[in-house]
There are 2 protein chains.
Amino acid sequence: MIDKNKGKKDFTNFLREHGQRLTNERSVVLNRILSCTGHFDPDSLYLQIRQTGLKVSRASVYRTLNLLHKSGFISIVRKTEKGTIYECVYGIKHHDHMHCNECGKVIEFYSEELEKLQEKICEKQGFKGQSHTLEIRGYCAKCKKNMK
Amino acid sequence: MIDKNKGKKDFTNFLREHGQRLTNERSVVLNRILSCTGHFDPDSLYLQIRQTGLKVSRASVYRTLNLLHKSGFISIVRKTEKGTIYECVYGIKHHDHMHCNECGKVIEFYSEELEKLQEKICEKQGFKGQSHTLEIRGYCAKCKKNMK
DNA sequence: TTGTTATTGAGACTCATTCTCAATTAATAT
DNA sequence: ATATTAATTGAGAATGAGTCTCAATAACAA
Ligand SMILES: [Mn+2]
Ligand SMILES: [Mn+2]
Ligand SMILES: [Zn+2]
Ligand SMILES: [Zn+2]
């Protein structure tokens with residue numbers, strides 16, 4: 001389970017280093033994304049927050065998401081026609097995604113071998129890799145079967 | 001070099017199969033993207049076309065780019081705040097990208113080993129991979145040096 | 001506390017992309 | 001070739017995710 005107190009402390013430190021403050025609004029958004037298990041989009045997040053009775057404006061949600069992205073708490077899963085999809089990566093093992101073109105299902109996977117190979121490829125180019133996004137698109141097992 | 005005639009034929013076939021027609025406008029856009037060596041965005045493409053004296057509306061450029069994407073002539077490199085960046089992939093060997101966070105340089109690379117490994121990983125999940133996008137972000141050799 | 005400065009929120013604004021619909025054009029039938 | 005039918009185009013309006021403005025407010029340091 002994710003340690004929210006540590007998260008709060010880490011985020012505060014990030015903000016401090018940039019001359020910024022931990023406000024109530026930022027704290028609310030932070031808490032919400034630390035509770036998110038899956039992928040999410042800004043507006044759903046906003047609505048979820050409002051449903052709990054807390055008041056944070058859309059502008060602040062967007063602003064905070066940008067901060068959380070810069071500080072590495074969340075990462076962008078993909079950008080669709082309808083907006084950006086994020087996921088919380090704080091205290092969560094890195095993984096990549098497969099995306100079913102038919103039903104939209106998302107499969108998360110991790111391969112040590114794949115990570116190592118990417119590092120090797122970066123070295124060959126003199127490139128210092130920091131992060132990466134790999135999305136494999138195609139058909140999940142179920143949809144694959146239904147196609148015949 | 002890319003065979004534009006074959007390209008035209010292939011695109012026409014795609015359109016026919018969908019009850020659509022190869023118009024002058026679509027032909028102009030197709031020709032332009034087949035001449036593109038690097039990455040491009042819709043509006044630059046539109047302006048390039050206008051500069052050659054040809055008349056194609058923005059709406060048609062966008063519409064045709066969508067068709068070219070669906071038919072596999074172009075692929076989306078990345079979506080930025082400022083819009084979508086495409087590249088022509090017709091008759092061009094697949095590759096992935098490294099992106100320098102500092103200077104914006106883009107390195108294209110290809111690794112047979114990486115492709116094979118991805119296939120293996122897909123099989124393990126019962127997933128039928130069709131396409132993928134891998135973007136590695138970090139620092140290019142030059143920027144890496146300038147950081148110290 | 002007090003002073004200083006960052007932050008917030010409502011709504012205006014941006015701008016890439018899509019939509020509308022009357023006029024036009026490609027493909028097909030006669 | 002000409003008429004028929006349906007797809008396509010373009011100008012500009014519309015959409016909508018995300019950003020910006022700025023007066024009011026809250027965080028923080030002393
Ligand atoms: Mn994920
Ligand atoms: Mn490329
Ligand atoms: Zn599926
Ligand atoms: Zn660089």
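Letters go in sequence order (proteins before strands), and every chain restarts at 1.
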Quiz item: Is there a side-chain polar atom (N or O) of B:Tyr62 under 4.0 Å from OP1 or OP2 of C:dT17?
Solution: yes
Quiz prompt | Distance-only donor-acceptor test (3.5 Å): side chain B:Arg63, base D:dG10 | solution = yes
Quiz prompt | Out of C:dA16, C:dG9, D:dG10, whichever nucleotide has its closest atom nearest the side chain of A:Ala59 | solution = C:dG9
Practice problem: Compare the minimum distances between each of D:dA11, C:dT17, C:dA10 and the side chain of B:Ser57, then state the nucleotide with the smallest one. | Solution: D:dA11
Self-check item: d(CG, B:Asn66; P, C:dC19) in whole Å
Solution: 9 Å
Practice problem: Can you tell me the distance, in whole Å, between the CG atom of A:Asn13 and the P atom of D:dC28? | Solution: 12 Å
Exercise. For B:Thr12 and for B:Lys82, find the nucleotide of DNA chain C with the closest heavy atom, then tell me which residue's nucleotide is more 5'.
Key: B:Lys82
Quiz item: Taking atom types as modelled, is there a side-chain donor on A:Thr64 or A:Arg26 under 3.5 Å from an acceptor on the other?
Solution: no
Practice problem: Answer with yes or no whether the side chains of A:Lys79 and B:Thr80 bring together a donor and an acceptor at under 3.5 Å. | Solution: no
Quiz item: How many Å lie between CZ on B:Arg58 and C1' on D:dA13, as a whole number?
Solution: 15 Å
Quiz item: Would you say the side chain of B:His132 lies within less than 4.5 Å of the side chain of A:Leu134, judging by non-hydrogen atoms?
Solution: yes
Exercise. Please work out which residues in residues 19-46 of chain B have a non-hydrogen atom less than 4.0 Å from an atom of DNA chain C and list them by number.
Key: B:Arg21, B:Asn24, B:Pro42
Exercise. Rounded off to whole Å, could you give me the CG-to-P distance for the B:Leu15 and D:dT8 pair?
Key: 8 Å
Practice problem: Decide yes or no for B:Ile92 and B:Ile2: does some side-chain heavy atom of the first lie under 4.5 Å from some side-chain heavy atom of the second? | Solution: yes
Quiz prompt | Gap between atoms CZ and C1', on A:Arg50 and C:dA10 respectively (whole Å) | solution = 11 Å
Quiz item: Please give, in whole Å, the distance from D:dT25 P to A:Lys55 NZ?
Solution: 17 Å
Quiz prompt | Spacing between B:Leu65 atom CG and C:dT17 atom P, to the nearest angstrom | solution = 9 Å
Quiz item: Roughly how many Å is it from CD1 in B:Ile49 to P in D:dG10, rounded to a whole number?
Solution: 10 Å
Exercise. Using only heavy-atom distances, determine whether the side chains of B:Arg78 and B:Thr133 contain a donor-acceptor pair under 3.5 Å.
Key: no
Practice problem: Could you say whether B:Arg16 or B:Thr84 is positioned toward the 5' end of DNA chain C, judged by the nucleotide with the nearest heavy atom to each? | Solution: B:Thr84
Exercise. Consider only side-chain N and O atoms of B:His39 and B:Glu87, and report whether a donor and an acceptor are under 3.5 Å apart.
Key: yes
Self-check item: Note: B:Lys120-A:Glu113 ion pair, threshold 4.0 Å (strictly below)
Solution: yes
